[in-house]
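Written below as structure tokens is the structure these notes are about.
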Amino acid sequence: MNGKHIAKLGLVGADIGLALTAANLREDAGLSSDDILSELAGVQASPASYGEGVYAALAASLLARQAKDELHAQDALRPEPLGYRVWGRELIEPGALAQMNTAMRLPISRVGALMPDAHVGYGLPIGGVLATENAVIPYGVGVDIGCSMRLSVYAAPAASLDTRGAVGLLQKHTRFGAGVGWDRRERLHHDVLDDPAWDAQPLLRHLHDKAVSQLGTSGSGNHFAEFGTFTLPAAQDGLEPGIYLALLTHSGSRGFGAQVAGHFTRLAESLHPQLDPSAKKLAWLDLDTQEGQDYWQAMTLSGEYALANHEQIHGRMAKALGETPALSVSNSHNLAWKQVVGGREYIVHRKGATPAASGQLGLIPGSMADPAYLVRGRGQPDSLESASHGAGRQMGRKAAEKAIAKADWKAYLNERHVTLLGGGIDEAPQAYKRVEEVIAAQTDLVEVLGQFQPQVVRMDAGSEDI
DNA sequence: ATGTGC
């Protein structure tokens with residue numbers, strides 16, 4: 001009796017050693033090689049019936065291997081990605097298409113689409129829309145859960161707030177930077193802080209204090225608060241055509257949402273150890289598990305928290321201006337929704353994509369010095385009723401710091417009479433695709449209703465200073 | 001995206 005006999009049975013790895021050990025004991029007990037081999041075949045065929053005795057260790061190892069193989073089979077990627085439509089393909093880098101292809105190979109994926117602002121992200125590309133069946137992918141939503149836009153249009157002429165006034169308001173009523181919150185005495189309350197969901201999970205309870213301090217702040221990266229002129233060519237929601245003063249903000253769920261995203265993507269990865277490495281960051285949570293339900297609850301709360309951030313920023317500003325907005329629009333662009341697609345309910349992930357159901361209003365910003373658009377969705381089915389969430393990056397942050405001359409950046413702002421508070425060269429307009437081209441690539445997804453031109457922009461100071 | 005990090 002030796003390893004070759006055992007290997008012939010199809011045993012692999014550590015199981016061979018375990019089988020040999022057991023075989024030696026049976027040989028000592030007087031059994032023939034043929035008898036032992038037939039016993040081993042019995043263990044292989046039904047390891048669950050050998051919980052005790054000389055074959056117990058081998059049986060346990062076989063069972064563990066079986067479970068792992070089943071997990072692997074469940075998580076196996078399709079050999080080929082499902083088909084999906086791409087808007088503005090000529091504007092999209094190959095890496096983003098490769099990431100979308102991987103996403104469309106997941107066993108849980110059903111329908112997908114790529115928006116014209118798409119670029120590479122963690123897991124699902126930014127600008128990716130993905131419908132899955134009964135499962136949610138934390139990195140299909142993104143790190144900044146609930147990242148969103150809000151526009152307030154005031155029934156006041158664009159010239160009624162000068163640059164100096166706008167700078168003062170932005171400095172007084174907005175807060176930027178990683179880790180930054182409002183001082184205790186400056187904080188405002190919001191009902192979102194009383195949501196019972198905060199008490200439903202230890203993680204959420206733990207993050208409540210941070211959420212309290214950061215409510216009504218704007219964070220870092222591409223987040224902004226800006227005053228500008230809003231041009232409305234045709235009446236909308238009772239607002240007459242005209243050129244108005246307006247406030248546009250881009251903010252998310254801050255440290256709270258980031259910690260939720262990190263926690264649940266690590267959890268998802270740990271639950272899918274057999275997932276192909278190329279799809280590691282696309283690990284999902286089944287919605288019929290406790291983990292999936294917990295993520296859904298935390299994600300929903302993060303989304304509401306992010307919208308509350310905007311409400312507070314706009315509320316502070318409206319009070320300071322003494323104006324009530326004549327038109328208010330907001331939308332989340334990093335979130336998952338339950339949505340009926342072709343008669344079936346799927347989980348639709350939009351990671352940097354604007355919901356664009358028929359008639360639904362949304363906001364698509366360009367850059368710190370380029371126009372933002374008020375749009376109305378056309379409910380295009382192949383896009384899963386979506387549109388781009390912005391212009392999309394043309395180059396990464398490090399590439400932008402190398403490639404863009406500071407003088408060119410400043411000239412771009414000067415030509416458009418944009419005053420910038422904070423803001424790094426990694427967010428320069430030249431780092432983004434031309435938003436006009438991105439809008440032109442999705443005329444079948446959204447109709448443009450109005451245009452916002454930034455004039456005084458506040459962003460996080462970042463690594464560079466203008 | 002975030003006062004972080006396989």
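Sequence lines set the chain letters: A, B, ... in the order given, protein chains first and strands last, and positions in each chain run from 1. Side-chain atoms are counted along with the backbone in the values below, which use heavy atoms only and exclude waters and symmetry mates.
Between A:Y305 and A:Q214, the side chains place no donor N or O within less than 3.5 Å of an acceptor N or O (distance only, hydrogens not considered).
Counting to the nearest Å, the P atom of B:dA1 and the OH atom of A:Y122 are 11 Å from each other. Nucleotide B:dA1 holds its C1' atom 9 Å from the OH atom of A:Y139, rounded to whole Å. To the nearest angstrom, P of B:dA1 lies 9 Å from CG of A:N334.
Geometrically, A:R458 does not engage A:F224 in a cation-pi contact defined by less than 6.0 Å to the ring centre and at most 45° from the axis. Cation-pi check for A:R350 over A:W337 is met; the charged atom lies under 6.0 angstrom from the ring centroid and within 45 degrees of its normal.
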Under 3.5 Å, which donor-acceptor pairs link side chains of residues 326-333 of chain A to any protein atom two or more places apart or in another chain?
from: A:N331; atom 1: OD1; to: A:L363; atom 2: N; distance (Å): 2.9
from: A:H333; atom 1: NE2; to: A:H250; atom 2: NE2; distance (Å): 3.3

Output side-chain donor-acceptor pairs under 3.5 Å for residues 413-422 of chain A, partner residues at least two apart or in another chain, one line each.
from: A:N414; atom 1: ND2; to: A:K410; atom 2: O; distance (Å): 3.3
from: A:R416; atom 1: NH1; to: A:Y412; atom 2: O; distance (Å): 3.1

Below 3.5 Å between N/O atoms, which protein atoms pair up with nucleotides 2-6 of chain B? Just atom names and distances, please.
from: B:dT2; atom 1: OP1; to: A:R254; atom 2: NH1; distance (Å): 2.7
from: B:dT2; atom 1: OP2; to: A:S220; atom 2: N; distance (Å): 2.6
from: B:dT2; atom 1: OP2; to: A:S220; atom 2: OG; distance (Å): 2.2
from: B:dG3; atom 1: OP1; to: A:K210; atom 2: NZ; distance (Å): 2.8
from: B:dG3; atom 1: OP2; to: A:G179; atom 2: N; distance (Å): 2.5
from: B:dG3; atom 1: N7; to: A:A178; atom 2: O; distance (Å): 3.1

